Enquirer: 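Sending over a structure as structure tokens; questions will come in a sec.
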There are 2 protein chains.
Amino acid sequence: MVTKQFSGSPQEADLTRADSLAREIFSDIANKWALLIIETLGERTLRFGELRNEIEGISHKMLTQNLRMLERNGLVERKVHPTVPPRVEYTLVESGQALRKTVDGMCDWTSRYLGHIEDSRRRFDA
Amino acid sequence: MVTKQFSGSPQEADLTRADSLAREIFSDIANKWALLIIETLGERTLRFGELRNEIEGISHKMLTQNLRMLERNGLVERKVHPTVPPRVEYTLVESGQALRKTVDGMCDWTSRYLGHIEDSRRRFDA
DNA sequence: CCGAATCCAAAAAGATACTG
DNA sequence: CAGTATCTTTTTGGATTCGG
């Protein structure tokens, strides 16, 4: 359960720890840029600059920051080619690919309900 | 496509608009609190205060803000009972339920890869 | 009980410059 | 080309108060 940070019963100290960890991870990945990176990297291995071009509007800083976070959590693998100029490639590994499937679902959802959302917004804003 | 805000070809002005709208919606919902609300509300209709209790750590302000946003986008229905004290119930409607399925996937992913992530973090932090 | 508005601290994010 | 660091600005979010 990700919604509850602490479980009810006193003995389940481990579950409590697992819960708060789960929440932490959820907070890490449940953000716009992280999900867009996962989605983009899902198609193929990309270099830093390519990734930057693929994801409209992301800044150098945000990209670096989120790539580090994804690497730390073991979703992305970073491979440095010691050439000059340097060439750094990012690959979505197995756990990342698994998550990607659910992100795909979110993207599909977005296009499917686009019209419905537009209508709802018009009504709400009136 | 949600990753690209603008399509390449000049004539597809409509697709461009749809893309930027999709991106806007994606930014709206791809955040921690919105997803946790969707997940929690997926189980049953809840009052404002109940929702606040269910979601560990959410503030009054964040809850209000995200509920308005979800209502505006037509994922959540808000029903006010004109009693005193007031009673306001929030229900996840069809489009919200559809999205919830993908959020479930994210939650499942989190628990499944918890161990893997913990290991990866340990290695990375070393 | 719910919600809107205000104020203020904290965090996020953009811009820029510098390194290997 | 990729990454880090710093600085500044903007945005976010929490606390509080007041109103229906």
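Everything numeric here is computed off the predicted structure, so don't read it as measured data. Lettering of chains follows the sequences in order, A, B, ..., and the numbering in each one begins at 1.
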Enquirer: Reading DNA chain C from 5' onward, which residue's closest nucleotide shows up sooner: A/W33 or A/P86?
Expert: A/W33
Enquirer: Scan for side-chain hydrogen bond (donor to acceptor under 3.5 Å, both in side chains) pairs involving residues 33-51 of chain A, sequence neighbours excluded, and state none if there are none.
Expert: A/T45-A/T91
Enquirer: To the nearest Å, how far apart are B/E89 CD and C/dC1 P?
Expert: 15 Å
Enquirer: Tell me what A/R52 touches on the nucleic acid: a base, only sugar-phosphate, or nothing, going by heavy atoms under 4.0 Å.
Expert: nothing
Enquirer: Report, as yes or no, whether the 6.0 Å neighbourhood of atom CZ on B/R68 holds more than 12 heavy atoms from other residues, nucleotides or ligands.
Expert: yes
Enquirer: Quiz question: by atom type and distance under 3.5 Å, do the side chains of B/D28 and B/N73 form a donor-acceptor pair?
Expert: yes
Enquirer: Mind calculating the distance between CD (B/E71) and C1' (C/dG3) to the nearest angstrom?
Expert: 12 Å
Enquirer: Hey, does the side chain of B/R78 come within less than 4.0 Å of C/dC2's phosphate (OP1/OP2), counting only N and O?
Expert: no
Enquirer: Can a side-chain donor-acceptor contact be found between B/E94 and A/Y113 if the only test is distance below 3.5 angstrom?
Expert: yes
Enquirer: Among residues at least two apart in sequence or on other chains, which ones pass ring pair (Phe, Tyr, Trp, His ring centres under 6.0 Å) with B/H81?
Expert: none
Enquirer: Any side-chain hydrogen bond (donor to acceptor under 3.5 Å, both in side chains) pairs touching residues 95-110 of chain B, not counting sequence neighbours?
Expert: none
Enquirer: Compare every heavy atom of A/L92 with every heavy atom of A/G42, then report the nearest pair and how far apart it is.
Expert: CA-CD2, 3.7 Å
Enquirer: Separation of B/R47 atom CZ from C/dC2 atom P, in whole Å?
Expert: 5 Å
Enquirer: For DNA chain D, determine which residues of residues 59-66 of chain A have any heavy atom closer than 4.0 angstrom to one of its atoms, and list them numerically.
Expert: A/H60, A/T64
Enquirer: With sequence neighbours excluded, what pairs up with A/V88 under the side chain to side chain contact (heavy atoms under 4.5 Å, CB included) test?
Expert: A/R78, A/V80, A/Y90
Enquirer: What are the 5'-most and 3'-most nucleotides of DNA chain D lying under 4.0 Å from any heavy atom of chain A?
Expert: D/dC1 to D/dT4
